[in-house]
Number of protein chains: 2
Amino acid sequence: MFTMIRKTRSHRRRGEETQIPGDGRDARKQRTRRALLDAALQLLEGERSFSSLSLREVTKTAGITPAAFYRHFSGMEDLGHALIEDSFASLHQLMRQAREGGLPATHIIRASVTTFLDYAGAHRAHFRFIAKERFSGSSALRMAIRKEIRLWIGELAVDLSRFPALGRFSADDLQVLAGLMVHVIIAATELLLDTPPTDRAALKRIYRDAEKQMRLVILGAAQWDSSRSKSG
Amino acid sequence: MFTMIRKTRSHRRRGEETQIPGDGRDARKQRTRRALLDAALQLLEGERSFSSLSLREVTKTAGITPAAFYRHFSGMEDLGHALIEDSFASLHQLMRQAREGGLPATHIIRASVTTFLDYAGAHRAHFRFIAKERFSGSSALRMAIRKEIRLWIGELAVDLSRFPALGRFSADDLQVLAGLMVHVIIAATELLLDTPPTDRAALKRIYRDAEKQMRLVILGAAQWDSSRSKSG
DNA sequence: GATTTAAGTAAACGATTGTTGACTCAATGC
DNA sequence: GCATTGAGTCAACAATCGTTTACTTAAATC
């Protein structure tokens, strides 16, 4: 008898929570899926690493029961992959914007660096997840992340190939150059994520140093001669 | 009665293990301390990250009881700091060797890159730990690691200042240049650690690309003019 | 309006976790 | 030789863990 009462009560609770206009069964499903992703990102905002998160605490901060987790993901590893997709969708969106909007012919370097770092700062949770799992995650996660970065480098190399000043670069060396530039940005981003957004001076220096490094790399590229570098 | 027998047995075991010549009470203590550090490093060789290691499994692979852990460290965080010291001692040793031995005047770039990557490859466990915890560890661990890297950059900047070709660099810009060079090495190292040592072709490419990037950076540095860069 | 579907709950399971207190017993100090 | 010290074991503790099973109940289907 007691149990019947308790059950009735606990299930009535559901009715309260879900008076949101855009309902429907799979709209609801997608909403709690997002809640799970957001819960993981939220927990990662702190000191924790993904591999130290427990399924139970993710479901708890998402507001559902542990068992319900399996309606959305097969396990934490599966959630990790979904988070990678989610996070890199952020980056892809930025790249598309940059490609469509076009960058100013003058101050390209500063504009590129600033645009990216601004964006990363505005999507801390996603980029922090990537930074954390790039080396410490499971090998499947690491590979997925590295694949995305390689893709990014490849696209940048194509963009760079259109600059007449880089005509002397072999395809191979273009990739190396793009890799260097991407790593400068990544290093700056990782530094940025570990700096409190309120510390304006520190942020300024990160921007400034990244821009200098990028400028230095480009200065070197202008002097480069692929025919002199034994490749392959 | 049963318990008495079991206890006697289990304690006799100790006598077997420890017939090592260099005995003495604190020699023994230091030996199991090392066993704990090595156990953690061994567990980190795999997919695991430090924050996901449990105290119990570290003690288990070290061959001692969980309770005995507290004779050496106050907790896992404490062990983490000890691991950082341990790991950077590796790096310091390399730097000292390089400073004493001196690098060849010709092929400095290649020699530097090769020397470092060889060393990192030979001390995988330590460098892998640093790479993993650089961003995903506790903030105390991250700060400790970053401090060491800053120190490294500072020393490199001093070394660089002795090159006449870099006379036009302001102290500030020297730091930025050194930072860029260190990050090139770190990026290559991290790539190296994720590559099976048996894949000779992949290793070769990592070495080659890192050397190219370093050469490109130096080419840029040769053209640099600090008076043109507005430094805050 | 009755039936089916599926996202969610509730409860239990065996493991494993960090930490503590009482103990043993070999090495040390006197 | 005797007393002290301290690195280690052992056992127990309450929490938490991932996963499974049986269930409810609102939404979708017919």
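Just so we're on the same page: letters track the sequence lines, and every chain starts at 1. Worth saying up front: this structure is predicted, and the values here are computed from it rather than measured.
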Check whether any side-chain N or O of [X] sits under 4.0 Å from OP1 or OP2 of [N], and answer yes or no.
X       : N      : value
A:Thr32 : C:dG8  : yes
B:Ser54 : C:dT16 : no
B:Tyr70 : C:dT19 : yes

Interatomic distance where [atom1] belongs to [X] and [atom2] belongs to [N] [whole Å]:
X       : N      : atom1 : atom2 : value
A:Phe69 : D:dT19 : CZ    : P     : 9 Å
B:Arg28 : C:dC25 : CZ    : P     : 14 Å
B:Gln30 : D:dG6  : CD    : C1'   : 16 Å
B:Ile64 : C:dG18 : CD1   : P     : 13 Å
B:Leu36 : D:dA7  : CG    : P     : 13 Å
A:Phe73 : C:dA7  : CZ    : P     : 12 Å
A:Leu43 : D:dT16 : CG    : P     : 15 Å
B:Leu55 : C:dT16 : CG    : P     : 15 Å

- Side-chain heavy-atom pair B:His123, B:Leu94 within 4.5 angstrom cut-off: no

- Non-hydrogen side-chain atoms of B:Ile130 and B:Ile84 separated by less than 4.5 Å: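 No. Closest side-chain heavy atoms not under 4.5 Å.
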
- Can B:Glu190 and B:Arg128 be counted as an ion pair, charged N to O under 4.0 angstrom?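 Answer for the salt bridge query: no.
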
- Message: Which nucleotide wins on minimum distance to the side chain of B:Ala68, given the candidates C:dT9, D:dG8, D:dT19?
- Response: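 That would be D:dG8.
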
- Message: Nearest heavy atom decides the nucleotide; on that basis, is B:Lys29 or A:Lys60 closer to the 5' end of DNA chain D?
- Response: B:Lys29

- Item | Residue whose closest nucleotide on DNA chain D lies nearer the 5' end, B:Arg56 versus B:Arg25 |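 The residue closer to the strand's 5' end, by nearest nucleotide, is B:Arg25.
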
- Determine yes or no for a side-chain-to-main-chain donor-acceptor pair under 3.5 angstrom, with A:Lys132 supplying the side chain and A:Gly137 the backbone. no

- Task: Check if the side chain of B:Arg71 and the base of D:dG6 share a donor-acceptor pair of N or O atoms closer than 3.5 Å.
- Result: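 When only heavy-atom distances are counted, B:Arg71 does not reach the base of D:dG6 through any donor-acceptor pair under 3.5 Å.
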
- With distance as the sole criterion, is a donor-acceptor pair present between the side chains of B:Ser49 and B:Ser136 under 3.5 Å?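 No donor-acceptor contact under 3.5 Å links the two side chains.
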
- Taking for each residue the nucleotide of DNA chain C bearing the nearest heavy atom, is the 5' side occupied by B:Asp26 or by B:Ala67? B:Ala67

